[in-house]
Q: 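Let me give you the structure first, and then I'll get to my questions.
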Protein chains: 2
Amino acid sequence: MTRATTARTLQTATVGEAQTGKRQAIVAAATRVFLSAGFGAASMDAIAAEAGVSKQTVYSHFGAKDALFEAILEDKCRGLMRPVRLPAVPGGDPAKTLGDLARRFIATVFTPANMALFRVVIAESARFPELAAAFYRAGPAAAVDDLAGYLTGLDRDGILAIGDATASARLFFAMLRGDIYIRRLLDLKPAPSAAEMEAVAEQAVAAFLAAHAPG
Amino acid sequence: MTRATTARTLQTATVGEAQTGKRQAIVAAATRVFLSAGFGAASMDAIAAEAGVSKQTVYSHFGAKDALFEAILEDKCRGLMRPVRLPAVPGGDPAKTLGDLARRFIATVFTPANMALFRVVIAESARFPELAAAFYRAGPAAAVDDLAGYLTGLDRDGILAIGDATASARLFFAMLRGDIYIRRLLDLKPAPSAAEMEAVAEQAVAAFLAAHAPG
DNA sequence: GTCTATAAAAGGATAGAC
DNA sequence: GTCTATCCTTTTATAGAC
């Protein structure tokens with residue numbers, strides 16, 4: 001039991017510890033309130049009420065509003081790209097592999113929960129720069145690194161002509177975000193339908209393959 | 001003098017009206033404070049102090065914090081794409097025309113002032129949906145509409161194979177935003193250097209032309 | 001129009017009992 | 001650990017004098 005407490009701050013209680021479900025209730029409530037209202041407009045009273053707990057209990061567990069916010073949101077960042085980070089098989093058809101990746105990426109990123117997280121992280125990037133960095137590392141950067149590795153293999157095998165693998169990977173995800181990303185950030189549009197997702201994925205894959213055709 | 005007052009709320013005083021420079025000082029101060037602190041963290045006291053004016057004077061001019069915020073930011077949105085909306089010459093070389101547009105777009109959009117505006121509009125998109133819509137119309141949508149018109153001409157003349165002009169225009173700007181847009185939104189990166197801008201522009205134009213080559 | 005002064009409310013944080 | 005009650009600062013907004 002020498003693990004730092006910060007490492008398990010948000011985990012489920014270990015069996016044997018004195019633990020009610022209140023901490024988890026606070027985490028769940030704070031997640032909802034912070035993601036929907038933002039840091040400033042979220043009050044500790046509202047979080048306590050939403051959790052069905054007194055305000056003092058919230059302070060006993062997390063100390064201060066800043067600490068609660070950072071703990072909650074950095075934890076949310078960790079799971080960002082889980083559905084996207086499936087291994088890209090080196091052997092298969094690049095068009096199919098990239099298409100699958102594209103569909104997973106779009107389906108994950110445009111989720112209401114992920115967009116709300118991104119909005120709040122952007123809004124508080126000045127006050128919580130480490131949170132912004134954690135979001136970028138766990139989200140966009142992780143996706144780019146995975147794809148860059150796959151693209152390097154395609155280049156080595158002469159299947160695609162990749163100059164800078166990282167730059168090409170960034171271009172791919174930029175095409176996938178497209179204009180919809182802006183409208184989603186501005187809350188002007190609901191999550192894309194299956195048909196929209198398919199259209200964006202196909203447009204991006206076709207453009208990417210055309211731009212990196214060998215010879 | 002039948003123009004609605006809202007239409008000239010932020011304009012310079014008409015000659016002949018009784019008008020000190022205080023209104024303009026308030027506008028300038030509120031712009032700075034709102035863009036750097038956001039809506040919630042910006043206090044009317046701070047705005048009044050920054051303007052060198054009493055708080056009551058701010059309220060006399062703008063009534064309430066909400067109204068001041070909306071007036072200021074919607075006005076800022078209006079000028080968003082002015083440097084980008086230069087007419088694209090129909091006759092010239094598409095690679096050069098698109099490259100020029102790309103450089104103008106990047107140089108304009110990644111400006112600290114424009115990124116700060118975008119951050120605040122995103123953060124308050126739930127509370128001020130009309131502001132978010134105004135931003136999108138005056139910024140991304142205007143740029144897309146202009147480019148779509150130009151692309152339609154290229155398609156008609158057989159120079160490029162454009163299926164859906166709006167979709168292609170959106171793809172072009174998405175490639176220009178690239179990964180840098182995310183890092184700028186998260187305040188992880190300063191505005192791109194001239195060399196970075198050039199690299200992104202060239203990568204995007206090349207990919208766009210390859211993806212829309214005729215035949 | 002502009003200022004000083006003040007009201008009225010909200011919110012972060014803590015004290016002390018159990 | 002948890003709750004009730006409270007402190008104290010900040011902040012929006014207004015009153016009233018000049």
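Lettering of chains follows the sequences in order, A, B, ..., and the numbering in each one begins at 1.
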Q: With sequence neighbours left out, write down each residue that passes salt bridge (charged side-chain N to carboxylate O under 4.0 Å, His left out) with Arg82(B), or none if nothing qualifies.
A: none

Q: Under 3.5 Å, which N/O atoms of the protein pair with N/O atoms of nucleotides 3-6 of chain D?
A:
{"unit_1": "dC3(D)", "atom_1": "OP1", "unit_2": "Lys22(A)", "atom_2": "NZ", "d": "3.1"}
{"unit_1": "dC3(D)", "atom_1": "OP2", "unit_2": "Ser54(A)", "atom_2": "N", "d": "3.0"}
{"unit_1": "dC3(D)", "atom_1": "OP2", "unit_2": "Ser54(A)", "atom_2": "OG", "d": "3.2"}
{"unit_1": "dC3(D)", "atom_1": "OP2", "unit_2": "Thr57(A)", "atom_2": "OG1", "d": "2.5"}

Q: Whole angstrom is fine here: how far is it from NZ in Lys65(A) over to P in dG12(C)?
A: 4 Å

Q: For residues 132-140 of chain A, tabulate all N or O donor-acceptor pairs below 3.5 Å that involve a side-chain atom, not counting sequence neighbours.
A:
{"unit_1": "Tyr136(A)", "atom_1": "OH", "unit_2": "Asp179(B)", "atom_2": "OD2", "d": "2.5"}
{"unit_1": "Tyr136(A)", "atom_1": "OH", "unit_2": "Arg183(B)", "atom_2": "NE", "d": "3.4"}

Q: Heavy-atom distance under 4.5 Å between the side chains of Val205(A) and Phe208(A), does that happen here?
A: no

Q: Find out whether Arg184(B) and Arg177(B) are in side-chain contact, i.e. whether some heavy atom of one side chain is under 4.5 Å from a heavy atom of the other.
A: no

Q: State, with a plain yes or no, whether a side-chain heavy atom of Met197(A) is found less than 4.5 Å away from one of Phe110(A).
A: no

Q: For Ser168(B) and Ala165(B), indicate whether the former's side chain and the latter's backbone hold a donor-acceptor pair under 3.5 Å.
A: no

Q: Given axes from five pairs at either end, by how many degrees does the helix from dG1(C)-dC18(D) to dC18(C)-dG1(D) bend, rounded to 10°?
A: 10°

Q: Whole Å only: how far is the OH atom of Tyr59(B) from the C1' atom of dA15(D)?
A: 14 Å

Q: Return the value, rounded to whole Å, for the distance between atom CE of Met44(B) and atom P of dA9(C).
A: 19 Å

Q: Taking side-chain contact (heavy atoms from CB on, under 4.5 Å) as the criterion, tell me which of Asp100(B), Leu147(B), Leu176(B) meets it with Phe105(B).
A: Leu176(B)

Q: Is there a donor-acceptor pair under 3.5 Å between the side chain of Thr97(A) and the backbone N or O of Pro94(A)?
A: no

Q: Taking the six-membered ring of Phe69(B) as reference, does the cationic atom of Arg127(B) (NZ for Lys, CZ for Arg) lie under 6.0 Å from its centre and within 45° of its axis?
A: no

Q: Between dT2(D), dG11(C), dA13(C), which nucleotide has the shortest distance from any of its atoms to the side chain of His61(A)?
A: dT2(D)

Q: For residues 34-44 of chain A, pull every pair meeting side-chain hydrogen bond (donor to acceptor under 3.5 Å, both in side chains), keeping only residues two or more places apart or in separate chains.
A: none

Q: Between Glu196(A) and Lys189(A) (salt bridge meaning N to carboxylate O under 4.0 Å), is one present in this structure?
A: yes

Q: Which residues within residues 32-41 of chain A lie with some heavy atom under 4.0 Å of an atom in DNA chain C?
A: none

Q: May I have the distance from Ile26(A) (atom CD1) to dT2(D) (atom P), rounded to whole angstrom?
A: 7 Å

Q: Whole Å only: how far is the CZ atom of Arg23(B) from the C1' atom of dT2(C)?
A: 15 Å

Q: Whole angstroms only, please: what is the CG-C1' distance between Asp45(A) and dC8(D)?
A: 14 Å

Q: Using atom CZ of Phe62(A) as one end and atom C1' of dA13(C) as the other, report the distance to the nearest whole Å.
A: 16 Å

Q: Checking all strands, does Ala48(B) fall into the base, sugar-phosphate, or nothing category for heavy-atom contacts under 4.0 angstrom?
A: nothing

